> 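For reference, the structure I am asking about is given below.
These numbers come from the heavy atoms of this one structure, side chains and all, not from hydrogens, waters or symmetry mates. All figures in this text were calculated on a predicted structure; none of them were measured in a lab.
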Amino acid sequence: MAGDMTSTTDGSAVTAAEVTAPAAAAVPAPVQGRPSGPTGAIRARLGRAGLNRELGTAALAPLIGAVATLWLVIPTLAPGVIAQAAGDSAEFQTVSWVLGTAHPTGYPSYVILGFIASHLLPFGDPAYRMNLLQALLAAGAVAGTIAIVQLLTRMRWVALATGLLLLVMPAFSSVSVLFANSGMVRSSPVFWRLSTYADPHMFHLALAVLIFGLLLVWERRRTSEDPERQMHADRWLVAAACLYGVALANHSLTMMLAPGIGLFVLAVAPRIVLRGRLILTCAAVLAVTAIALWLELPIRAAMHAPLVYGHPDTWNGFLYVVTGQQFGGIPPTIGDNLGPKFDVVMNLLSSWLGPLGYLAAFGLATSIVKRPRYVLLTVVGAAMTAGFAAAYANSDLERYFLVPAFVAFSFVGLGLADAISIGASLAAGARSRLAAPSAGSAKEPAGTGSDVDPDGTGGLHWQAAAALMAEAFVAVALIVATVTVVPPRQHLPDAAHAGGVSQAGQSGRESWLRAVLASPEQGGLPANSVVVSNWSDSTTLWYGQKVEGLRPDVYVVDDRTRLDSNLGEVWNVVDTYLGQRPVFLLRFPWRCDGMDNLSKFYKLVSVPLADGYTIKEVTARTGPVVCP
């Protein structure tokens with residue numbers, strides 16, 4: 001794909017093969033010099049696909065961006081199991097290893113990818129391998145961002161700077177924004193933060209960027225004047241449909257991209273609605289891909305995988321998980337109070353962009369004129385995603401804004417490129433006007449001297465050289481400015497370092513896990529204990545049991561366990577096992593079934609564990625539970 005991602009300096013994209021075509025036409029190769037046999041056939045097919053010798057040049061900036069991302073992010077990865085996003089990260093570290101079922105919407109694409117990564121990556125334990133996978137996905141998203149900006153501008157170093165800006169967010173300033181259903185959200189350098197531990201949202205962004213890239217390549221080929229390139233263009237559209245199926249089976253946010261993709265396709269090829277065979281092919285490829293991945297849920301549930309959420313092996317259970325019924329599906333308030341939601345989203349984007357927001361606005365304005373189809377593709381999807389997120393209730397809502405963040409930073413890159421192009425064009429015009437009087441005052445008649453440059457090629461070459469120098473200067477300045485912000489990003493997040501994202505020192509959950517699930521002789525829980533816990537503690541303990549094989553005799557009862565096994569309320573579980581097995585509570589303080597209320601009706605004793613940790617044991621009941 002990288003071989004197709006080049007364009008002219010005025011923003012009209014061409015492919016690497018088209019760039020080299022004039023030279024090839026000017027100096028035809030002798031017939032006897034052409035490669036023949038199998039080698040010649042392979043080279044010819046690569047050339048028709050756009051994968052020629054320019055591929056290395058086109059891929060250089062994305063490759064540098066990916067390597068830089070890994071170099072910066074890997075030292076900040078969480079070292080092992082971690083309970084970020086209220087325990088979701090520990091869940092994905094567990095479910096991926098055992099190829100089970102995650103919470104709605106199941107995330108089978110991510111779980112299957114995580115299963116492969118956690119078993120094949122040769123570094124660390126399974127939890128660390130999932131964190132490392134996150135860094136690899138972030139590197140892919142950065143590389144894709146660079147490739148898209150390079151495709152649209154042909155300014156590879158500006159594109160490289162854009163990808164690094166997305167990663168580091170050097171102009172970030174922390175703000176608190178209030179969402180109606182999720183409460184107060186404190187902003188962070190969200191891209192780098194979500195690159196440090198297991199979470200499917202980075203996979204969603206990487207897939208979205210790749211889908212956008214495939215669609216842009218399809219657009220270039222579909223509008224090409226080369227009949228052969230047009231003939232094979234639709235393969236890229238089918239490939240995009242396949243990737244959309246993978247993304248749909250990863251996260252329901254993918255549905256928010258559909259309106260923008262549909263408008264983009266219609267803008268590129270309005271008569272595509274008459275091509276029933278192509279439409280059916282894309283729909284079939286999308287559906288087959290998504291269904292094949294979703295089948296992981298009922299198949300593994302029927303095989304009694306070690307960790308299964310809900311009952312996806314039944315039709316109603318499958319729909320419950322896939323459609324996210326537990327969380328209400330698409331929020332019914334998505335179209336309400338758009339003005340306040342817009343203000344909140346803009347405040348969040350401004351905290352990531354800072355002064356770069358002016359460049360993003362300029363890039364959006366110029367792209368409406370120069371790249372209107374790209375605006376349709378990305379802005380509509382970003383707006384739909386932001387609207388969904390602003391109406392949603394989630395413990396880590398900021399991660400739902402990765403696609404809007406990518407779109408905003410892509411317009412930063414496009415704004416930079418357009419500013420450079422406009423500046424170079426104005427400078428070339430001024431140079432021509434200044435040179436004209438000199439040519440007219442020469443001894444030779446006007447229009448006959450060599451200084452006049454009648455075909456204008458000298459001026460064009462000067463303009464291209466000026467644009468290249470300006471691009472190099474701007475890109476170097478931005479990259480240097482970005483690098484200076486790296487040390488604060490690599491700091492542990494705390495009150496004094498709002499921009500810190502490193503999880504490298506976060507080993508507390510793993511230490512706690514090993515203290516709780518140590519053998520009784522080593523200070524762990526008594527034999528056959530029952531732990532009635534909340535989600536973040538349950539997923540961490542499940543990792544120790546399902547992945548590391550620690551203490552299978554301990555029964556961890558999560559709220560989800562109570563629902564799936566019909567165990568009743570928290571106090572019903574306690575009453576069932578009290579006096580039969582040691583019962584321990586790991587509950588949040590709030591709500592009727594929280595520690596504060598339960599402590600009024602049960603006698604709770606602090607039991608010391610290894611490494612200084614404690615846990616509350618229920619020793620007796622003092623009265624019937626009453627909810628305030």
> Grab the two heavy atoms, one from N250 and one from T105, that are nearest each other, plus how far apart they are.
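Smallest heavy-atom distance, with atoms named: O-OG1, 4.4 Å.
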> Under a 3.5 Å distance rule, please check whether E471 uses its side chain to pair with a backbone N or O of I420 as donor and acceptor.
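No, the answer is negative, given that no donor and acceptor are paired below the 3.5 Å cut-off.
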> Hey, is the main chain of T254 close enough, under 3.5 Å, to the side chain of Y244 for a donor-acceptor pair?
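Pair found, side chain donor or acceptor close to backbone of T254.
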> Going through the checks in order, is the side chain to side chain contact (heavy atoms under 4.5 Å, CB included) test met by M346 and L349?
CA-CA 5 Å; M346 287 299 103; L349 289 174; 3.4 Å; yes
> Within this structure, what is the CE-OG1 distance for the pair M169 and T482, rounded to the nearest 0.5 Å?
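Separation between the atoms: 11.5 Å.
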> When you measure from the side chain of Q150 to the backbone N and O of A58, does any donor-acceptor pair fall under 3.5 Å?
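Present.
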> Could you check D234 against R222 for side chain to side chain contact (heavy atoms under 4.5 Å, CB included), going step by step and ending with a plain yes or no?
CA-CA 7 Å; D234 292 334; R222 187 69 175 76; 4.0 Å; yes
> Measure from the side-chain N and O atoms of S195 to the backbone N and O of A138, and report whether any donor-acceptor pair falls under 3.5 Å.
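No, S195 side chain to A138 backbone: no donor-acceptor pair under 3.5 Å.
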> Between the main-chain N or O of V246 and the side-chain N or O of S109, is there a donor-acceptor pair closer than 3.5 Å?
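Yes, because the side chain of S109 sits within donor-acceptor range (under 3.5 Å) of the backbone of V246.
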> Measure from the side-chain N and O atoms of R129 to the backbone N and O of F123, and report whether any donor-acceptor pair falls under 3.5 Å.
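Pair found, side chain donor or acceptor close to backbone of F123.
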> Closest approach of M256 and T385, non-hydrogen atoms and distance?
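In terms of heavy atoms, the two residues are closest at CB-OG1, 3.5 Å.
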> In terms of ring plane angle, is the pair Y400 and H251 parallel, tilted or perpendicular, where the classes change at 30° and 60°?
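Plane angle over 60°, so perpendicular.
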> Between R371 and D418, is there a side-chain N and carboxylate O pair less than 4.0 Å apart?
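Salt bridge between R371 and D418, a charged N being under 4.0 Å from a carboxylate O: yes.
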> Does S425 reach the main-chain N or O of S421 with its side chain, forming a donor-acceptor pair under 3.5 Å?
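Flag not set: sc S425 to bb S421 has no pair under 3.5 Å.
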> Go through the steps for Y374 and F411 under the test ring pair (Phe, Tyr, Trp, His ring centres under 6.0 Å), then give the verdict.
CA-CA 10 Å; Y374 180 73; F411 283 115; 5.7 Å; yes
> Can you see which heavy atom on A360 is nearest to which on L353, and at what distance?
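Looking at all heavy atoms of both residues, the closest pair is CB-CD1, 4.4 Å.
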> Which distance, rounded to the nearest 0.5 Å, do you find between the CG of L164 and the OG1 of T69?
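The distance works out to 6.5 Å.
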> Would you check if the side chain of R489 reaches a backbone N or O of V168 as a donor-acceptor pair within less than 3.5 Å?
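Such a contact is found between R489 side chain and V168 backbone.
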> Give a yes or no on whether the backbone of S224 and the side-chain of R229 come within a donor-acceptor separation of less than 3.5 Å.
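A pair under 3.5 Å: no.
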> Determine, step by step, whether L133 and F203 satisfy the side chain to side chain contact (heavy atoms under 4.5 Å, CB included) criterion, reporting the C-alpha distance in whole Å, the side-chain angles of both residues, the deciding distance to 0.1 Å, and the verdict.
CA-CA 9 Å; L133 172 63; F203 189 33; over 6 Å; no
> So which heavy atom on T223 is nearest to which on Q230, and how close?
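Closest heavy-atom pair between T223 and Q230: C-NE2, 4.5 Å.
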